[in-house]
Amino acid sequence: MQLVFLAALVVPWLGAACLAVLPRAWDTRANTLALLFTGAAAVLFSVGLPAGHAPEVVLRLSWVPALGLELTVARDGLADVFGGLAVWIAFGVLLFARCYLPQANAHEGSQRREAAFYALMLAFLGSLLGAVTAGNLLQLYFFWELTGIGSYLLIGYWRHLEAARAGARLTLAITLAGGMTMLVGLVWLGLATGEWSFAALAARPPLTGPFAEGCAALLLAGAIAKSAQFPASNWLPGAMNAPTPVSAFLHSAAVVALGVFLLGRLFPLFHETLVWRWLLRAVGAIGVVGAGFIAVRQVKVKALLAWSTVSMYAFMFIGFSLGTAVGVRAALYAFFVHAFIKAGLFLVAGVGTHLTGKHELDQIGGMARTHRLLAVYGVILGLSLGGVPLTGGFYFKEELLHAAQEEGARVLLVAMLVGEGFSLIYMLRFLHALFVGPGDTGAGKPFPWTMGIPLAVCAALALITGLVPDWMAPVGLEAAVTVVLGYPLDTHPGPALNPMVLTSLAVLVGAWALWLIWTRSRIPIQWWQRLPDRYPLGGRRLAALYTRVADACLALHTGSLRAYLRRIVGLFIALAVIAVVAGAPGVGPLLAAPTSAVDLPTTLALVALLGALAANLAARGAISFALTLTAVGFGLGAVFLALRAPDVALAQVAVEMLATLTIVVALRASGLVTPAGVRLPPGPGDRPALRLALAGGAGLVFGGTSYLAMSASPADSVGEWYARNIEPLTGADDLVVAVLTDFRGLDTLIEVLVFVTAALAAAGLYRREEVPRG
Amino acid sequence: MGSPLLRLTAHLILGVTWVVAWVHILYASVLPGDGFTAGMLLLVAVLLEVVVLGRDRAGAAVPRSLFRGAASAGLALLAVLLVAPLAWGGAPLEHFYIPLGIARLSSTTVFDLAICLAVAGATAEALTAPREPAP
């Protein structure tokens, strides 16, 4: 059983690798191959799905024994729900893409191969499964960021479109910023508690105190960014420039779901902190109301669904913020139901675009007359998300309202009721525009069965979860709740006609009435869109302040590489000064420590180095500057040779030669070299005195840091440590072999990856971008 | 583009550098040098070609698919070396030996080769990439 589960995690990567190298002549088979791999992963993952499934470690590998770090693949109810939904939704979405993608590529004028798309989707699926089955904090982070990279590549799949590239960059920037903040929290948590595995952390009592509050804030930043919650919600609408299968998979059940997954993992430790309680409540309340209102005002189909996703995930954040068992159950229930409803709605939108070639609500319309089956699916899914009774969406909202009512959270109750009203209004707008209103009906074009099947399944599930809400318990929902709470939930609040339900019904009737009044009043959508400009949130002064801050931030982006370099160097110098002034431990004694005498060869090499440096400072032309810089590098190589480090000297000389030739090639390609010499136009803010100060400061900081580092060498050299430990730790009979691979191999591997990434990024920049001079 | 003598010298340097790079890889355990320096030296030779022949002619003389293939092969080899030891219960990147009759090939040598290919291939791809017209 464990091997079967491991195979489910590996199969998507195998599929991605196969599709990445698929010959061009086999492109027409790419979708079939993708479906085979995804289907296999789905079946393998579902084998042994829990009914009362106990958490188990499927794979355990020793990683950093000194820190108690192990690489573990763990399976529990939470991983099963998130992973199982993702893998089956992926299968349905790829089936949908069979007919969708070729036409969409042709419509958008894309030359990209379909095999590349399916390879990326499978790699993304592999990353997601790796994240939900990660057994320790750092492993989760690794796969977390892999999903971010996958998301970036998929959103930018139509890379010839500026909107797609911009959306991909914004997504990467925001989710990466959140992820790196989260990393600080993860490392802090691991170091402070001495535990890195989720199983061990969940067994601890809930954390409280300043450490817990700070750690919670850092970790929740990652969840907020990933789930596109306020204030990090802007990336999700921009991501809608991706093909519809990407939106239906990533942005309903995969990328955004990871934020909620993280809340589930962290709940046992942090649910009693103030940050958890109030930050999630604030984010959730703003999201359900704000995002709901923004969704009402959208004119593009997918943008409406994107803001709806932000609003729905805000509901889930509220559920976790309550810190109660009922709240957790309600949030996980909401996630489960929302995943396939939203995926289905994105597919409905995709069918609309596929049949008409249009993207805006007022351009598509009347499809109920020409595609009745599509209308049936759309209405079921739309009304479910709108929270109409006897649908899954109604019950998940009732569960959340019930949880908030039990906790006495009146503000959250009101916010969720308002959000519920908005959700019905924008869903009615969505359904009316697509199926009843005027516009292109897509008449005469067939509704392919490969698109219909995933829609039918999503619609059926939306109905079943409304008619028989308890059916989800045996397929893992209760196990997921047990994992988060640490105990089974004894009570199961079922649907009943109580005052809360009656209030919800009243809100829904009121929302329906408002929608009717709006449509009959013929207030154009543009009026709603201008509303925030007329009545800005927080008043006009706040809006003006926001504009000034935004302008100041934009003004920093001069496009001048020299300006950016000045700021980076300046920051390093400032940090070093702060460290010295603040009295960083050990700086004083090290500066006062006597140094050893220098022998003759080293002295001669140093003299040669200083001579080359003087020549470099006196150089006037760019070519002579490059050549004297090379001489400085060769001088440094001579110093390394004199210090009996021939390997380092060889690397220094080789890199120096490469750098010189690269500068020469770059100067020639830049067009700055003329028969009269080299002209280097000054950039913005370029002042010789500032350049001299920064260069001198940088030299002092880096030179001083090197001096301090070499002065602080441990008494026991690393070479002696290797020699002592090669036999007991590696069993190798060759010291060099053991050092190169067993001890230093991972370090070298990561350095090479960084190097290759930088080289490829440089290649991409040179080939495609016009970089402003300066 | 340089004179015939300059072009010949650049080609000769490229040829000799191939040999020196192999020496660095094969003798990394006993002499100064490793896969990284081998890659650097190869890059210097490739860049000499670019300087002497110009970017476009140098790219035409040595197929750019070679660089991409080298970088991909290097990264693939590194991935194999990372996970292969797991198959027999070892740690990632743990050294092993491949028997070759009376001799044996160390995974360290393959590791150096992979680094050389990855570093040289990716950087050469970057340095010889043709400029595409702005959209």
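Proteins get letters first, then strands, A, B, ... in listed order; numbering begins at 1 in each.
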What part of [X] gets closer than 4.5 Å to chain A, counting heavy atoms only: side chain, backbone, both or neither?
{"X": "B/A118", "result": "both"}
{"X": "B/D34", "result": "neither"}
{"X": "B/Y97", "result": "side chain"}

For [X], does the [atom1] atom have more than 12 heavy-atom neighbours from other residues, nucleotides or ligands under 6.0 Å away?
{"X": "A/R113", "atom1": "CZ", "value": "yes"}
{"X": "A/W721", "atom1": "CH2", "value": "yes"}
{"X": "A/R60", "atom1": "CZ", "value": "no"}
{"X": "A/E162", "atom1": "CD", "value": "yes"}

Only pairs of heavy atoms separated by less than 4.5 Å count here; which of A/V756, A/L760, A/T660 has the most with chain B?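 Between A/V756, A/L760, A/T660, the count favours A/V756.
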
(message) For the interface with chain B, which of A/P646, A/A17, A/A758, A/A738 has the highest count of heavy-atom pairs at distances below 4.5 Å?
(response)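 Of A/P646, A/A17, A/A758, A/A738, A/P646 has the most heavy-atom pairs under 4.5 Å with chain B.
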
Does the side chain to side chain contact (heavy atoms under 4.5 Å, CB included) test come out yes or no for B/T37 and A/V655, once each step is laid out? CA-CA 8 Å; B/T37 54; A/V655 170; over 6 Å; no

Side chain to side chain contact (heavy atoms under 4.5 Å, CB included) between B/T123 and A/F755, worked out
CA-CA 9 Å; B/T123 314; A/F755 190 97; 3.0 Å; yes

Okay, A/T662 and chain B: the region with an atom under 4.5 Å from a heavy atom over there is both

Residue selection (most heavy-atom pairs with chain A, distance under 4.5 Å) from [options]:
{"options": "B/L41, B/V44, B/L48", "result": "B/V44"}
{"options": "B/A28, B/S106, B/G33", "result": "B/G33"}
{"options": "B/G74, B/S29, B/A71", "result": "B/S29"}
{"options": "B/L86, B/V119, B/L31", "result": "B/V119"}

Hey, which of A/V739, A/T741, A/D742 is the one that makes side chain to side chain contact (heavy atoms under 4.5 Å, CB included) with B/T108?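 Exactly one pass, corresponding to A/T741.
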
So which atom in A/L749 and which in B/F111 form the shortest heavy-atom distance, rounded to 0.1 Å?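 Smallest interatomic distance, heavy atoms only, reads N-CZ, 4.4 Å.
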
message: Please give me the minimum heavy-atom distance between A/V752 and B/L78, naming the atom from each residue.
response: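 Taking every non-hydrogen atom into account, CG1-CD1, 4.1 Å.
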
Q. Do A/L753 and B/L75 pass the side chain to side chain contact (heavy atoms under 4.5 Å, CB included) test, and can you show the C-alpha distance, the side-chain angles, and the key distance before you say yes or no?
A. CA-CA 8 Å; A/L753 285 176; B/L75 291 172; 3.9 Å; yes

Report the C-alpha separation of A/M657 and B/L43 in whole Å, then their side-chain angles, then the decisive distance to 0.1 Å, and conclude whether the side chain to side chain contact (heavy atoms under 4.5 Å, CB included) test is met.
CA-CA 10 Å; A/M657 285 195 292; B/L43 278 170; over 6 Å; no

